[in-house]
Amino acid sequence: MKELIDFKEKIDKDKLEEVCKSIKDGSVIVFPTETVYGIGANALDKSAVKKIFMAKNRPTDNPLIVHISNYDMLDKVVSNVSKYEKILMDKFWPGPLTIILPKKEEIPNIVTCNLDTVGVRMPSNKIAINIIEKSGVPIAAPSANISGKPSGTLVTDIVDELKDRVDYIIDGGISDIGLESTVVKLDNDVVNILRPGAITKEDILSTGLNVVLDKHLFKDVKENEKVASPGMKHRHYAPKVKTILVYSNDEKKEYDRICDIINENNNKKISILGFNENKEKYINKPNVKFMCIGSKHDLNSVAKNVFTVLRKVDKYDLDLSIIEGVEKQGIGLAIMNRLTRACGYNVIEL
Ligand code: TXA
Ligand code: MG
């Protein structure tokens with residue numbers, strides 16, 4: 001890494017200029033967005049994009065999202081936008097929504113892994129927008145993490161993981177949302193949600209469009225099974241230790257089941273990833289380490305914390321990790337999607 005740049009308080013104009021020039025010269029940078037941090041490079045530069053795949057150890061069949069800062073850039077990247085896609089752009093851009101669209105030739109095949117579509121997003125984070133605008137090129141950027149790990153939302157975690165693999169890291173503070181963007185693909189006026197995020201199913205329904213959840217959001221992909229988004233096939237977010245997700249809308253039922261698991265494993269070291277409100281119930285158990293994932297009355301706080309806490313699990317010497325689930329509504333759907341994958345589909349729903 002050439003430099004860790006601090007833009008938390010304000011964006012330094014000279015530094016911004018330096019970074020954007022180096023993007024045009026083929027550098028790879030870590031930069032903040034409102035969802036999670038991205039590892040970005042000029043989307044039109046094949047060899048720069050190749051460096052992203054290498055920095056992340058990313059499977060070469062998993063395409064990258066292209067980030068734009070204005071609609072002229074969109075025209076350079078995609079060949080067609082339907083009136084339904086336009087509705088989504090008008091309502092949710094700039095913001096945490098990625099739309100899969102037919103790609104133009106100018107986007108190199110390495111970005112899209114030879115698909116004829118490209119995922120496009122106009123982020124709302126001020127630093128991200130400034131970087132794209134000043135560079136004057138669309139920026140291909142997956143989440144800032146080594147493939148398989150939780151997406152980076154905190155610069156200290158990202159520096160540990162990626163400092164030797166990128167040119168610049170820009171600190172914009174902790175990510176506002178904490179989960180990656182909602183990814184959608186349209187089939188006429190039907191919006192298929194390929195990855196849930198902060199733009200929720202309910203938000204999209206409010207535009208009058210129809211919504212379908214992809215069948216793989218909560219189900220493992222079998223070998224050779226066809227998927228709508230390559231990312232669904234890859235193992236993600238998982239701590240090394242065995243992890244179980246437990247959820248019931250009946251709190252007592254959920255607590256009793258978790259206690260059963262704790263008792264069955266009384267010779268093991270266990271972490272509970274749970275809500276602040278439930279801390280008192282667990283902290284006196286001798287074999288349990290409680291790790292707070294936020295407040296059950298504020299799922300946005302859970303979204304913001306969840307990747308940071310998942311990363312922490314592996315820092316302790318544990319045998320088992322149990323996560324308290326949330327209702328699959330609003331942003332709860334995205335939280336449960338990431339947690340289901342984090343525990344390798346090891347889910348108890350009561
Ligand atoms: O919030 C976000 O989306 C962050 C920030 C940096 O913008 N980026 C991000 O990128 O999460 P990544 O690469 O970690 O996830 C992109 C997802 C992957 O699951 C990928 O398979 C899917 O989008 N994807 C990309 N292009 C696609 C395409 N053409 N068709 C279907 N799925 C696509
Ligand atoms: Mg990712």
Side-chain angles (χ1 to χ4, degrees), residues 28-41 43 49 52-53 55-69 77-79 92-104 107-125 127-129 131-132 138-153 158 161-162 170 172 175-187 192-199 214 216-217 221 226-238 303 307 310 334 337-338 341-342:
V28 175
I29 68 154
V30 170
F31 67 103
T33 84
E34 69 279 17
T35 55
V36 299
Y37 278 77
I39 307 188
V49 172
I52 300 178
F53 280 88
K56 279 189 64 113
N57 288 339
R58 183 164 175 111
T60 50
D61 65 349
N62 196 6
L64 309 183
I65 293 174
V66 171
H67 298 70
I68 57 169
S69 57
V77 176
V78 307
S79 60
F92 301 114
W93 278 6
L97 180 74
T98 297
I99 309 178
I100 309 293
L101 295 158
K103 92 171 184 77
K104 269 203 174 144
I107 294 291
N109 284 327
I110 185 170
V111 173
T112 59
C113 304
N114 297 317
L115 296 175
D116 52 11
T117 54
V118 58
V120 185
R121 174 162 112 78
M122 191 187 286
S124 61
N125 178 285
I127 299 170
I129 284 285
I131 290 173
I132 308 166
I139 294 196
S143 52
N145 54 280
I146 303 239
S147 281
K149 296 236 177 162
S151 301
T153 54
I158 295 169
E161 202 165 296
L162 298 172
I170 296 171
S175 307
D176 277 344
I177 295 171
L179 297 178
E180 312 88 339
S181 61
T182 307
V183 177
V184 298
K185 187 171 184 184
L186 274 91
D187 184 0
N192 289 292
I193 298 189
L194 308 185
R195 181 176 71 183
I199 303 295
D214 188 273
H216 286 116
L217 296 190
V221 178
K226 218 172 159 260
V227 288
S229 176
M232 292 167 175
K233 287 186 300 196
H234 299 290
R235 198 168 162 73
H236 226 322
Y237 316 117
F307 286 155
L310 281 173
N337 167 262
R338 306 312 191 272
R341 302 185 70 188

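Start at 1 and go down the list; that is how both ligands and their atoms are numbered. Note: hydrogens, waters and symmetry copies are ignored here, and every other heavy atom, side chains too, is used.
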Students should be able to answer this: which protein heavy-atom is nearest to [atom], and at what distance?
atom: atom 25 (C) of ligand 1; value: P63 O, 3.5 Å
atom: atom 31 (C) of ligand 1; value: A228 O, 3.5 Å
atom: atom 19 (O) of ligand 1; value: G231 CA, 3.3 Å
atom: atom 7 (O) of ligand 1; value: H67 NE2, 2.6 Å
atom: atom 13 (O) of ligand 1; value: R58 NH2, 2.8 Å
atom: atom 17 (C) of ligand 1; value: R195 NH1, 3.7 Å
atom: atom 29 (N) of ligand 1; value: T117 OG1, 3.0 Å
atom: atom 32 (N) of ligand 1; value: S229 OG, 2.9 Å

Side chain, backbone, both or neither: which part of [X] has a heavy atom under 4.0 Å from ligand 1?
X: R121; result: side chain
X: A144; result: neither
X: M232; result: neither
X: K103; result: neither
X: I65; result: side chain

- Item | Sub-4.0 Å heavy-atom approach of P123 to ligand 1 | no

Would you say P96 touches ligand 1, if touching means a heavy atom closer than 4.0 Å? no

Is a side-chain N or O of [X] found less than 3.5 angstrom from the main chain of [Y], in a donor-acceptor match?
X: E34; Y: S124; answer: yes
X: S181; Y: L97; answer: no
X: N57; Y: S147; answer: no
X: R195; Y: T98; answer: no
X: K149; Y: Y237; answer: no

Per-atom filter on ligand 1: closer than 4.0 angstrom to a heavy atom of V36 are 4 (C)

Numbered in order shown, the ligand 1 atoms found under 4.0 Å of a heavy atom of P230 are 21 (O), 31 (C), 32 (N)

Subject >> K233 vs D61, salt bridge (Lys or Arg N to Asp or Glu O under 4.0 Å): CA-CA, chis, key distance, verdict >> reply: CA-CA 10 Å; K233 287 186 300 196; D61 65 349; 3.1 Å; yes

Non-hydrogen side-chain atoms of [X] and [Y] separated by less than 4.5 Å:
X: R121; Y: I68; answer: no
X: V78; Y: V120; answer: yes
X: I193; Y: V183; answer: no

| Worked verdict on Y37 versus F31 for ring-ring contact (aromatic ring centres under 6.0 Å, His included) | CA-CA 6 Å; Y37 278 77; F31 67 103; 8.2 Å; no

Does [X], backbone or side chain, put an N or O under 3.5 Å from an N or O of ligand 1?
X: S181; value: yes
X: E180; value: no
X: L115; value: no

Check: of N62, V184, V118, min heavy-atom distance to atom 18 (C) of ligand 1 comes from N62

Closest to atom 30 (N) of ligand 1 (heavy atoms only, candidates T112, L97, I100, I99) is I100

request  = Answer yes or no: are there more than 12 heavy-atom neighbours, outside K103 itself, under 6.0 Å from its atom NZ?
outcome  = yes

query: Any side-chain donor paired with an acceptor under 3.5 Å for E180 and T35?
result: no

Heavy atoms of P123 and P94 approach each other most closely as O-CB, 3.3 Å

In terms of heavy-atom contacts, I158 and V30 come closest through CG2-CG1, 3.8 Å

Does S151 put an N, O or S atom under 2.8 Å from the Mg ion (ligand 2)?
no

